[in-house]
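Below, chains carry the letters A, B, ... as their sequence lines are ordered, and counting in each starts from 1.
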There are 2 protein chains.
Amino acid sequence: MADDLANEILNELAPGASLPSEAELAERYAVSRLTIREAVKLLAGRGLLELSRGRRAIVREPDGAAFADFLTSMLNNDSKGLFDLVEVRLSLEVQSATLAAKRASRAGIAAVENALQGMRDTVEAASAEDPEADRRFHDFDVGFHEAIALASGNRVMGYLFEAMASPLRQGIQISRRGHANRGHTLFDTIQAHQRILEAIRDGNGRAAGEAMRLHLKDTERDIRNALSSMADPPTRQRTR
Amino acid sequence: MADDLANEILNELAPGASLPSEAELAERYAVSRLTIREAVKLLAGRGLLELSRGRRAIVREPDGAAFADFLTSMLNNDSKGLFDLVEVRLSLEVQSATLAAKRASRAGIAAVENALQGMRDTVEAASAEDPEADRRFHDFDVGFHEAIALASGNRVMGYLFEAMASPLRQGIQISRRGHANRGHTLFDTIQAHQRILEAIRDGNGRAAGEAMRLHLKDTERDIRNALSSMADPPTRQRTR
DNA sequence: CAGCCCAAAGGTATCAGATACCTTTGAGGA
DNA sequence: TCCTCAAAGGTATCTGATACCTTTGGGCTG
């Protein structure tokens, strides 16, 4: 019953809208407030509603967050998961870069350019040892890849990318360590991204895919390098 | 509160185990049964618990089912979603075929062979117009692709494939219609699969990926063909 | 008149105690 | 031995309250 209600409720509403109050829903569907609450919790569990105490629930634009939870918990269990994720990411991003080159709108390309420019600015503006700058660079890095996924015009691709984004963030952080170990600089990273961007701007799908592939292969090596140079493996136990 | 409880509960239990009764949980965590129920619904929404009336809840092995719900609801909205999915699938499956060729165990290859043999047997045993046989062929088809995803040894790949399986089933069904329209037979399908299998068996990653790519490109054409030949577009209205 | 403060209104979060109905299981009879 | 069926154990849902959070508008103060 509550399960059916969950679908009912969702079908009535567009993303971004806020739900009627629990009391109102209860009346409309002729069930108790409790049943409504359970249906709402179910949807929240799927990441389709955003709950907050004292305020109405909001219908979320689906963004693969539910899958993200799941991926994150998997990565916490073993470091192999991180490699698996990078492999999948390689495959998806090569494709999304290829598609972006063929389909990206002017605005889509601009978003990719902005992210890259952000990386450049961060590097130039940074003083020698600014941990904050490092984090910012990192964010622009993720943003660059996200912009490409969106520019591919493939919504499933976008969702998958979002789902992977948070576990990936962890991955990129690790890879940066390996990156430095291998004597690479942030400038190298920027150049790799530059090549991808140019291929997309040229509308050359093949080149864009290949540039992305090379970049990610390199990232993969970085991660491997970082993990092997770490004393204890990054397996995080589940909290009890 | 209920949200925290959800995590608590999950951390205490291994997949496959069944939860204590609601009353017992309520006592253990010193909250009302209602709160327990909400936490349980939340987990069920994430696909981490399996609920059934009158029986205890069971902790599920995560399998990407949550993401599947989400993909399915997307596909119901517009037919473009189906193309997007095929594009993503193309990218993932080319990769998984490549990896399977490099890594598949003897048992993994056997599973792929079995699926293919199942397709052959179904075709040979089928009487002219047996709708049941058609469904079976179909299942073996999906099974073939699933076996390859598993044989890739990449767990994330496996999960993603599972998540896509149910919406994909719909896609394959449509593509079969287009397949026939273009004068192709089931035998062609079997041959395409045969080529993929052989490349995997030979350990030739490049060939396996390429064979998979060709096969899926063909499927993509079939879907396009089927959709364009359908009088009304396959957009299913949301039920109200 | 502008800005701050606070209380009321509208919400959600949770509790307690019942009822309805489903599933499993074991005792008893054919 | 096998079938039937009722009791036991569970979940699904209802009703009616209480606690506490957020928003908002009116009134007070400077």
Quick one: which of [options] gets closest to the side chain of [X]?
| X | options | answer |
| --- | --- | --- |
| Glu22(B) | dT11(D), dT22(D), dT12(C) | dT11(D) |
| Arg33(A) | dT14(C), dT11(D), dT22(D) | dT14(C) |
| Arg53(B) | dT14(C), dC21(D), dT11(D) | dT11(D) |
| Arg55(A) | dC15(C), dT23(D), dT14(C) | dT23(D) |
| Leu34(A) | dA12(D), dT12(C), dC14(D) | dC14(D) |

For the pair made of [atom1] in [X] and [atom2] in [N], what is the distance, rounded to whole Å?
| X | N | atom1 | atom2 | value |
| --- | --- | --- | --- | --- |
| Ile36(B) | dT14(C) | CD1 | P | 11 Å |
| Leu51(A) | dC20(D) | CG | C1' | 17 Å |
| Glu38(A) | dA12(D) | CD | P | 8 Å |
| Leu25(B) | dG10(D) | CG | P | 11 Å |
| Ile58(A) | dT23(D) | CD1 | P | 10 Å |
| Leu19(A) | dA13(C) | CG | P | 12 Å |
| Lys41(B) | dT11(D) | NZ | P | 12 Å |

For the residue pair [X] and [Y], what are the closest heavy atoms and their distance?
| X | Y | result |
| --- | --- | --- |
| Ile148(B) | Met212(B) | CD1-CE, 3.8 Å |
| Val88(A) | Leu92(B) | CG1-CD2, 3.9 Å |
| Leu90(A) | Gln95(B) | CD2-NE2, 4.4 Å |
| Ala115(A) | Gly143(A) | CB-C, 4.0 Å |
| Pro20(B) | Arg28(B) | CG-NH2, 3.6 Å |

Checklist entry - Parallel under 30°, tilted from 30 to 60°, perpendicular over 60°: which one fits the rings of Phe161(B) and His145(B)? => result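 If you compare the ring of Phe161(B) with that of His145(B), the planes turn out parallel.
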
Next on the checklist: So for atom CD, which belongs to Glu27(A), do other residues, nucleotides or ligands contribute more than 12 heavy atoms lying within a distance under 6.0 Å?
Outcome noted: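 Not more than 12 within 6.0 Å, no.
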
Listing time: all N or O pairs from protein to nucleotides 5-10 of chain C that are below 3.5 Å?
none

